[in-house]
Amino acid sequence: MDIIYWVKILHTLIFFLASVCIMYIVYCGITGKINRYLWIAIGIIFAIGIIHAANGFECPLATLVHRLAGRRDVADIFLPDWFARNIMPVSTVIFVIGVVLIVRSEYRRRKALNTKCRRD
């Protein structure tokens, strides 16, 4: 198997890791669960975002696959093309929703604590 195949495998695995992180962030936002795993997940997503932005808003692994193939029409991940083209916009929206849910949950928790403290 050639190097392009292995880069696509790595890219797909990183995509699934990022997806799990984003879903965990949304889960924590819904349940109000704030722990170190949440912060690790947020850190992973921020790191991926920084790497993506530093490479001109293209995944470095996609750039590598296109360079190795010598053309840009080669798929860079083992996902359907229509899905691969929309990963970053959709993932970003879901991530932001998760963060908003976390902020809302934390705000409500702190407000409830302040109300309880005032009554005591």
Side-chain angles (χ1 to χ4, degrees):
M1 292 186 205
D2 64 347
I3 187 74
I4 293 174
Y5 175 82
W6 292 109
V7 173
K8 288 169 73 169
I9 289 282
L10 176 63
H11 197 188
T12 304
L13 291 174
I14 291 170
F15 163 75
F16 283 116
L17 170 67
S19 297
V20 167
C21 288
I22 291 171
M23 290 299 108
Y24 187 70
I25 291 165
V26 171
Y27 166 77
C28 289
I30 292 169
T31 62
K33 186 178 201 174
I34 296 178
N35 56 35
R36 68 177 162 195
Y37 300 115
L38 169 64
W39 297 114
I40 291 169
I42 289 172
I44 288 170
I45 298 304
F46 268 112
I48 290 171
I50 290 167
I51 291 167
H52 192 260
N55 195 50
F57 293 97
E58 180 177 67
C59 179
L61 294 174
T63 304
L64 178 60
V65 167
H66 298 149
R67 190 175 23 174
L68 290 170
R71 54 188 223 260
R72 295 196 58 82
D73 64 338
V74 175
D76 58 297
I77 193 168
F78 289 117
L79 293 170
D81 286 337
W82 61 268
F83 188 79
R85 283 191 305 272
N86 295 302
I87 288 172
M88 286 308 286
V90 171
S91 297
T92 302
V93 168
I94 296 170
F95 171 72
V96 169
I97 289 169
V99 170
V100 167
L101 289 170
I102 289 165
V103 169
R104 184 190 73 165
S105 174
E106 187 63 12
Y107 173 78
R108 287 181 175 176
R109 186 184 70 78
R110 288 180 187 221
K111 187 175 178 182
L113 283 174
N114 287 339
T115 305
K116 182 180 178 185
C117 289
R118 288 182 192 155
R119 280 191 247 146
D120 293 341

Problem - Sequence-distant partners of R108, salt bridge (charged side-chain N to carboxylate O under 4.0 Å, His left out), two or more places apart - result: none

Donor-acceptor contacts, no H, no angles, side chain residues 13-38, under 3.5 Å, sequence neighbours left out:
{"from": "S19", "atom 1": "OG", "to": "F15", "atom 2": "O", "distance (Å)": "2.9"}
{"from": "Y24", "atom 1": "OH", "to": "N35", "atom 2": "OD1", "distance (Å)": "3.3"}
{"from": "Y24", "atom 1": "OH", "to": "N35", "atom 2": "ND2", "distance (Å)": "3.0"}
{"from": "T31", "atom 1": "OG1", "to": "Y27", "atom 2": "O", "distance (Å)": "2.9"}
{"from": "T31", "atom 1": "OG1", "to": "K33", "atom 2": "N", "distance (Å)": "3.4"}
{"from": "N35", "atom 1": "OD1", "to": "Y37", "atom 2": "N", "distance (Å)": "3.0"}
{"from": "N35", "atom 1": "OD1", "to": "L38", "atom 2": "N", "distance (Å)": "2.9"}

Practice task
Indicate yes or no: at least one non-hydrogen side-chain atom of D2 is less than 4.5 angstrom from one of Y5.
Solution key: yes

Practice task
Could I get the full list of side chain to side chain donor-acceptor pair (under 3.5 Å) partners for N86, not counting sequence neighbours?
Solution key: none

Practice task
Decide whether L10 and I77 are clustered together by the hydrophobic rule: side chain heavy atoms of Ile, Leu, Val, Met, Phe, Trp, Tyr closer than 4.5 Å, transitively.
Solution key: no

Problem - Interatomic spacing from CD1 in I4 to CH2 in W6 - rounded to 0.5 Å - result: 14.0 Å

Practice task
Show the numbers, then the answer: is there a side chain to side chain contact (heavy atoms under 4.5 Å, CB included) between L79 and I87?
Solution key: CA-CA 10 Å; L79 293 170; I87 288 172; 3.7 Å; yes

Practice task
Establish whether I44 and L101 are linked, either directly or via other cluster members, by ILVMFWY side-chain heavy-atom contacts under 4.5 Å.
Solution key: yes

Exercise for the section: Please name all residues satisfying side chain to side chain contact (heavy atoms under 4.5 Å, CB included) with I51, sequence neighbours left out, ordered by chain then number. Expected result: P60

Practice task
Heavy atoms only: give me the nearest F78-T12 pair and the separation to one decimal.
Solution key: N-OG1, 3.0 Å

Handout entry: Spacing of T63 atom OG1 and L68 atom CG [to the nearest 0.5 Å]
Key = 10.5 Å

Completion exercise
Hits for side chain to side chain contact (heavy atoms under 4.5 Å, CB included) against P80, two or more places apart or cross-chain, chain-then-number order -> W82, F83

Fill in the blank from the handout: Rounded to the nearest 0.5 angstrom, the OG1-CD1 distance for T92 and I97 is 11.0 Å

Exercise for the section: Could I get the full list of side chain to side chain contact (heavy atoms under 4.5 Å, CB included) partners for A75, not counting sequence neighbours? Expected result: K8, D81

Exercise for the section: Could you tell me which residues satisfy salt bridge (charged side-chain N to carboxylate O under 4.0 Å, His left out) with R104, sequence neighbours excluded, listed by chain and number? Expected result: none

Practice task
Kindly write out the residues that satisfy salt bridge (charged side-chain N to carboxylate O under 4.0 Å, His left out) with R85, not counting sequence neighbours, or none if the list is empty.
Solution key: none

Exercise for the section: Answer yes or no: is there a donor N or O on one side and an acceptor on the other, between the side chain of H66 and the main chain of V74, under 3.5 Å? Expected result: yes

Practice task
Taking side chain to side chain contact (heavy atoms under 4.5 Å, CB included) as the test, write out the residues that go with Y107, two or more places apart.
Solution key: K111

Handout entry: Partners meeting salt bridge (charged side-chain N to carboxylate O under 4.0 Å, His left out) with E58 (sequence neighbours left out)
Key = R72

Problem - Donor-acceptor contact present, side-chain H11 to main-chain L61, <3.5 Å - result: no

